[in-house]
Amino acid sequence: MAAWLLMAVASAALLPGLAQRLSPPPLEVPDSRSAAATRLISRGFPHFGDEQMILAFGSATLLAAEPAYQKAVAATLRSLADLPEVGGMLPLPTGETQDPRHAYVLIGVMGDESARQRRLPVQIAAARRAADEASEGKISVMVVGSSTVFADLIHGDLRDLQRLKIVTVPLVALVLVLGLGAVGSTAVPLLVAGAAILVSAGVLSLIGMITQVDSTQLTVSLTVCLGIGLDYALLILLRYRQCRRDEGLSPTAAAIRATATAGGTVSWCAMAIMVTGAVLFTVPTPWVRHIALAVMSATLVTAAAALSLTPVLLRLLDPWLEWMILPWRRARRTGTPPAWLRLAGHLMDRPVRYALAVAALLAVAALPALDMRLGLHYDRPSLAGTQSGRGLAQMEADGMAGVTGLALPHPTGSGPVDTAKLVGALEADPRVGQAATLDNGRDLTVVLLAERNPPDSEASAALLRHIYTSAPRLLPPGQQAFAAGPTALLADLSEQILAGLWQAIALVLALSFVLLLITFRSLLIAVKAVSMNVLSIVATFGLLALCFQHTGPTGDVNLLVPLLICTVVFGLSIDYEVFLVHRISEHYRRTGDNTAAVLHGLRHTARPVALAATVMALTFASLLLTRRSDLQQTGFAVAVAVTLDATLIRMILVPALMRLLGHCNWWLPRPLARLLPPLRPDPSAQPVA
């Protein structure tokens, strides 16, 4: 208790520093064409800096060509030029569809991502103050770029976390009271999850002193801590209450027994999540690896809290666990069997019907996944009302939705690259507003393109593909071309994540199979568990596409969501498999009766699995209250996957299949049996009712 209290207090002291150090998700795409183009432009045109941002000017009364307007623009540029991190400035030509009261200037900003984020508030304040003073409030200016967009997203994420805390915790507490049947018992899982959340936030604070920590990491970490922290503490608590009630053990002995039995299950479940989360490190995208680090650190801290803090709390709070017991819990103590036990017996008598019905239902739910579209987009609902969101909307309305720089390196002293054919073809393309060519006089030519369509649109992605395919025939032979800018960055990010998705899925399937094979020493149980998880996840994808693809603001599913679902949710699904099959395996080893073992497993795990799944689903469903579409989709998908897994899969389909397979459930081929001694029933054991 003292150790956890000390860690919680230290973590709470670190939280203000974490809020200040939060940064946007890292969007670098190592070894990509956009990264190469950014390096070339930064080196060849140093005044363009490490990031190019847009100053979007606007006025309700003045035209951009009026002297007063030009004076305000010049004053703004002088104010920014005084800042050491601001480099060159390039006024952008007026587009055909541009509002005459709007003007745009491209500016180069120096520094790495964290440095640009720290300096951003000063730049925005300086630009606004200069424009306001020079125009007497008649002209506004908005700074638009990747840094500003993600800075506004960070502030929105922090507000969302506050709202989640206010809404989710009371709902979870209510579900725990109803599920546990006593107010006193609810304190244990809430205290364990709370300690895990605080210490995990402290761990992220320490990590933030060494490397970058982003708001997505914080949201994912706290949600995982709350969900699995409640789950793991619940599993140990329910086993503790059983030891006290059925076996008459003392509080100390019951805590030891519960930790030795349910704690073993918790250890395997945490290992499964950490292993599947580690698979995300195979994707070379820093953003994905940051999420993997958050998942693994949160799981490690939460498992430690569940295994070390829960038994201590159970022993200390034992006299109050039955405080304010609810009426139906008293009725259950009279020996009245719950209705679901009769349903379990019905399932054992008709396993084929139940298995076919559930399989058909999941197959129907999975059908929309065949038409699932994946993509990466600006989160416009989250940006609504922010300065970067207003700037993006203004630029898109003016047909100045984005700027792409085409870097064309050439040998030193060879002169500028002949871009006449390429520029002519691009200016004739309706997707391009303006095109201009620059050369540094040494070794680099750059073609700047003003795109009419947003960088995250399919039209811009198609334009980028067209540029890469047409550049070889429109440029001198052998000339290399690299695109930089938001459109190129999103395209490379999508390509890298999509390529890593299939590799991650294959690794998760293989590692999950090996873990389950080692745990249960059964080939068929491992194969069945992996197959059921795949079926559950595909059905989740179908429902995700059905609910978000046709009703969401982007018209597709965020590319990161399937990656997270196929790794993190796979680990969570193994939890419920371990909960159920461990109990079945224990009974089978004592009795050798497979049907009785399956019924025994259902009897003793249905309630904990249902309660744990309800808490987990409610925790992740709370992400629907955020404004970020990727978090909304993740929350929906995890909640649906957990619900399907805990009800249709673990409580119906898995028991039905285990009933049908009989003793074959525990079969292990001889080569594997030599390495992993199978868990055979004890011939001297007596049948247990």
Side-chain angles (χ1 to χ4, degrees), residues 337-370 509 512-513 516-517 519-543 573-610 613 640-669 678-681 687-689:
W340 63 265
L341 270 181
R342 295 192 297 273
L343 295 176
H346 196 268
L347 169 64
M348 292 294 97
D349 293 336
R350 298 166 179 82
V352 175
R353 295 182 187 178
Y354 279 96
L356 290 177
V358 170
L361 186 61
L362 292 173
V364 170
L367 285 177
L370 298 174
L509 293 176
S512 300
F513 173 79
L516 291 166
L517 183 65
T519 304
F520 298 115
R521 315 295 172 88
S522 165
L523 182 63
L524 290 182
I525 285 180
V527 171
K528 172 181 59 60
V530 171
S531 303
M532 295 302 99
N533 285 356
V534 170
L535 183 60
S536 172
I537 287 176
V538 173
T540 299
F541 285 165
L543 295 175
S573 298
I574 292 176
D575 284 9
Y576 302 123
E577 179 76 10
V578 173
F579 290 173
L580 174 62
V581 180
H582 254 162
R583 277 302 183 96
I584 296 174
S585 174
E586 287 175 4
H587 195 85
Y588 178 75
R589 279 181 284 163
R590 289 199 304 267
T591 67
D593 187 335
N594 181 75
T595 301
V598 175
L599 193 57
H600 175 85
L602 279 174
R603 179 184 297 118
H604 289 283
T605 62
R607 187 157 160 259
V609 166
V640 168
V642 167
T643 303
L644 292 177
D645 194 85
T647 54
L648 297 180
I649 299 290
R650 305 302 160 198
M651 294 295 103
I652 300 178
L653 191 53
V654 169
L657 292 176
M658 294 192 74
R659 165 70 176 83
L660 289 171
L661 291 172
H663 295 288
C664 295
N665 281 308
W666 317 102
W667 173 72
L668 196 64
L679 303 174
R680 301 186 185 279
V688 178

Would you confirm whether [X], through its side chain, and [Y], through its main-chain N or O, come within 3.5 Å as a donor-acceptor pair?
X      : Y      : answer
Ser585 : Val581 : no
Asn594 : His663 : no
Thr540 : Ser536 : yes

* Could you give the distance from CG (Asp349) to OG1 (Thr595), rounded to the nearest 0.5 Å? -> 9.5 Å
* To do: Rounded to the nearest 0.5 Å, what's the gap from SG on Cys664 to CD1 on Ile525? Could you check?
  => 11.5 Å
Any side-chain heavy-atom pair of [X] and [Y] under 4.5 Å:
X      : Y      : result
His587 : Leu599 : no
Leu668 : Ser522 : no
Leu509 : Val534 : yes

* Heavy-atom closest pair, residues Gly662 and Asn665 ->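 Shortest heavy-atom contact: O-ND2, 2.8 Å.
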* To do: For Leu523 and Pro669, work out which heavy atoms get closest and say how close.
  =>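 Closest approach of Leu523 to Pro669, heavy atoms only: CD2-CG, 3.8 Å.
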Residue list, side-chain contact (heavy atoms from CB on, under 4.5 Å) with [X], at least two apart or on another chain:
X      : answer
Ala365 : Ala539, Leu543
Arg350 : His346, Arg353, Tyr354
Val364 : none
Ala526 : Phe513, Leu516, Leu517

* Between Tyr588 and His600, a side-chain donor and acceptor under 3.5 Å -> no
Could you pull out all donor-acceptor pairs under 3.5 Å where a side-chain atom in residues 642-656 meets a protein atom, sequence neighbours excluded?
{"residue": "Thr643", "atom": "OG1", "partner": "Ala639", "partner atom": "O", "Å": "2.7"}
{"residue": "Asp645", "atom": "OD1", "partner": "Arg650", "partner atom": "NE", "Å": "3.4"}
{"residue": "Asp645", "atom": "OD1", "partner": "Arg650", "partner atom": "NH2", "Å": "3.0"}
{"residue": "Asp645", "atom": "OD2", "partner": "Arg650", "partner atom": "NE", "Å": "2.9"}
{"residue": "Thr647", "atom": "OG1", "partner": "Thr643", "partner atom": "O", "Å": "2.5"}
{"residue": "Arg650", "atom": "NH1", "partner": "Glu577", "partner atom": "OE1", "Å": "2.2"}
{"residue": "Arg650", "atom": "NH2", "partner": "Asn533", "partner atom": "OD1", "Å": "2.3"}

* Structure fact -> In short, salt bridge (Lys or Arg N to Asp or Glu O under 4.0 Å) pairs touching residues 651-665 with sequence neighbours left out are none
